[in-house]
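Below is one structure, written out as structure tokens; comments come after it.
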Amino acid sequence: MRIKEEKNKIIIKDQPDFEPCHIFECGQAFRWEKQKDSSYTVVSNGKVINVAKEKEDIIINNTDIEDFYNIWQDYFDLNTDYSSIKSTLDTDEIMKTAINFGQGIRILNQDEFETMISFIISANNRIPMIKKVIENLSINFGDKIGEYNGKLYYSFPTYEQLANAPIEIIRECKAGFRSERIKEAAIRIIDEKNTVYDLRNKSYDEALEYLLSYKGVGNKVANCILLFSMKQFSTFPVDVWVRRVMQELYVSKMTSDKEIRKFAEDKFGHMSGYAQQYLFYYARENGIGR
DNA sequence: TCCCAGGTCCTGA
DNA sequence: TCAGGACATGGG
């Protein structure tokens, strides 16, 4: 990896397997905005950055070399070899097509608490609406980060900030019936933060069981949290899109979500999480099964 | 107006 | 264990 620092930006030279639109629009993250020039402005780790691709180079604007090595290198999972993951996975024509379609996907390393709350909000909701609710919560309860390209940005609220948030204001953020779940989780995490931030070091079964004890965290949400913030890649979360693409291309229409998960986890093993992301992005962008 | 969304919870077999 | 309805909100 060759890194070049320029004024207020970092350039990653000749970075393979990195496509901003694949990374941000594959459903793992919600705090991004596509700009007119097709770059992505992203809020994470209390910072605002803008990510663009120019030929084979990745440009991260509004950052410096220190933040790159302390934050973004891990956030963008730059130490993982996605070419090797892809060549392991593409053992059938369906996966070949899905991988080819989303060839620049990477699984981000996101904050545990933010991911928990984000996926509690995702229940029975649409992605644009999930993004809206999260933005509302950030504006109301997060810290002001600053202005970038004429727009003010706010960090995702901490568990203290959400625990202290009046429930009626959380409702005004359009969180709906998930409002109580958000506040309850935040209150609980004040006492259990050490446990939550240590889940990535626990076994899959132990971490899953713990997450399921939260209201609003069922099997699907728990597995998304495990995959997107706790480096548990042997899980295959099944949502409406993954159900459609699997029933359309791999299994019969009668197959239950539980059976789909088992089928996929047996087939893809410790790469299940990556396979799920390629399939989700492929299904959603192409309206598979709709 | 009705249907549905990156589901979960509750209830009753 | 599992099917079926309720749940806020907004877009099609």
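Computed from heavy atoms alone, side chains included, the values below leave out hydrogens, waters and symmetry copies. What you see is a predicted model, and the numbers here were worked out from it, not measured in a lab. Just so it is clear: chains get the letters A, B, ... in the order the sequence lines come, proteins before strands, and each one is counted from 1.
Base engagement by K220(A) is indicated by at least one non-hydrogen atom pair under 4.0 Å involving a base atom. Residue-level contact check: C173(A) touches neither bases nor backbone, having no heavy atom under 4.0 Å from any strand. Contact annotation for E180(A): no contact, since no heavy-atom pair falls under 4.0 Å across all strands. Backbone-only contact: Y214(A) has heavy atoms under 4.0 Å from sugar-phosphate atoms and none from a base. Residue-level contact check: Q28(A) touches the bases, meaning some heavy atom is under 4.0 Å from a base atom.
Checking dA5(B), dC9(B), dC7(C) against every side-chain atom of F177(A), the shortest atom distance belongs to dC7(C).
Residues satisfying the side chain to side chain donor-acceptor pair (under 3.5 Å) test with K174(A), not counting sequence neighbours, are none. Legend: residues meeting salt bridge (Lys or Arg N to Asp or Glu O under 4.0 Å) with D111(A), ordered by chain and number and at least two apart, are absent.
Note that R188(A) lies in the cation-pi zone of Y214(A), set by a 6.0 Å cut-off to the ring centre and a 45° limit from the axis.
Under the 3.5 Å distance criterion, the side-chain polar atoms of N100(A) are left unmatched by any main-chain donor or acceptor of K96(A).
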#### Entry: Strand DNA chain B in bracket notation, Watson-Crick/G-U under 3.5 Å with | for pairs to another chain
.||||.|||||||
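Considering only side-chain N and O atoms, R244(A) lies under 4.0 angstrom from the phosphate OP1 or OP2 of dA5(B). Phosphate proximity of dA8(C) to K174(A): absent, as no side-chain N or O sits under 4.0 Å from OP1 or OP2.
You'll find a donor-acceptor pair under 3.5 Å spanning the side chain of R126(A) and the base of dC4(B), going by distance alone.
Between the CG atom in D77(A) and the CD1 atom in I105(A) there is a gap of 13.0 Å [rounded to 0.5 Å].
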